[in-house]
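Here's the structure, in structure tokens; my notes come after.
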Amino acid sequence: MRIYVNDVAVRDGFQIEPHFIPTATKVEVVNQLSRTGLHKIEVTSFVSAKAVPALADAREVLAAIDRVPGVIYVALVPNLRGVHDAAASPARPDEVNGVMSASETHNRANINRTHEQSLADMPAMIRAAHDAGMKITMSLSTSFGCPFEGRVHEDAVLDFVARFRDLGFDGISLADTTGMANPRQVRSLTAKVLERFPPPDETFYTLHFHNTRGMGLANVVAGIEAGVRSFDGSVSGLGGCPFAPGATGNICTEDLVNMLEDMGCDTRVDLAKLLAVARRIPQVVGHDVPGQVMKAGQTLELHEPPARLRS
């Protein structure tokens, strides 16, 4: 079974670090990730430098990275201005990813817009992206729960997916921004989405999980069982949401790949190369990270038995 693995650490992870990650370091990490076999890499975001100073170097990063054939380079865009800024960049991303929240309260906290304001911008965002030769996808944050409003009803998510499909987005991501999802819920919602709105290809729908309550990888398995084939991760488990109290990092990309490969899935990712990147991240960010496989080693990484058993 082919599973497509994407990494969002350079954008989603670095944006909430307390100190600015140098542009050259971001470029080095992207270039290393590019050679691991990942499907997509979310490189940066075109947002206000005042709002997210950590990603003020979006143009410089995109201009400096090596573009490896077969890898899709993505930038987050919260609004129409973000699409225009990405289109005006000398080195455009291959794809831009819009974002809105299924929860009205989280949408206003995250991007300072109501649902209707967000939806009103979308036709122009799609036109601008396509006119610039970029694909555009939409991430629906808090698809499984909101820290301010509680559970998000499945019907609300299905309604948003219907509107996104009608508008003509090139892909849709259901995001568990606050780590509130559980496997039964994931299986139920994603199965309904796939049944009512069949995807044109295997990567049209993506699931984006956080590991806030330790259920991230279990939710991936539930998503696979429901029929989803594309998943986001963050190398070494970096990330989180500044507008989600208590939210920790995204599921860890190398832990995800290790699990998928152990399950017999085809990720096309070189786990050894990915682990080499992950093991560098604590030095880059200056603190410990949640990744497990980077510390314990791959499942079948065998060790010498105790000396008393070798005599």
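Along the sequence shown, residues carry numbers from 1.
Judged by the 6.0 Å distance and 45° axis criteria, R11 is not positioned over the aromatic ring of F14. Remark: R151 fails to qualify as a cation-pi partner of F144 under the 6.0 Å distance and 45° angle criteria applied to the six-membered ring. In this structure, R165 satisfies the cation-pi test against F204, with its NZ or CZ atom closer than 6.0 Å to the six-membered ring centre and inside 45 degrees of the ring normal.
Using a 4.0 Å cut-off between a side-chain N of Lys or Arg and a carboxylate O of Asp or Glu, K26 and D57 qualify as a salt bridge. Between E28 and R280 there is a salt bridge, since a side-chain N of the basic residue sits under 4.0 Å from a carboxylate O of the acidic one. Between R113 and D121, at least one side-chain nitrogen of the basic residue sits less than 4.0 Å from a carboxylate oxygen of the acidic one, meeting the salt-bridge criterion. At a threshold of 4.0 Å, the pair D66-R35 counts as salt-bridged, since one of the basic side-chain nitrogens sits closer than that to a carboxylate oxygen. The pair E154-K192 meets the salt-bridge criterion, with a side-chain N (NZ, NE, NH1 or NH2) lying under 4.0 Å from an Asp/Glu carboxylate O.
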- Query: Given the rule in the side-chain contact (heavy atoms from CB on, under 4.5 Å) test, do Q15 and D12 qualify, once you have shown the distances and angles that lead to the verdict?
  - Reply: CA-CA 6 Å; Q15 75 172 6; D12 204 348; 3.8 Å; yes

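Neither side chain, D176 nor H208, offers a donor N or O lying under 3.5 Å from an acceptor on the other. Looking only at atom types and distance, the side chain of S101 has no donor-acceptor partner in the side chain of N110 under 3.5 Å away.
The only option from S230, S173, S234 that meets the side-chain hydrogen bond (donor to acceptor under 3.5 Å, both in side chains) definition with N6 turns out to be S230.
Open room surrounds CZ on R163; 12 or fewer heavy atoms of other groups in view lie less than 6.0 Å from it.
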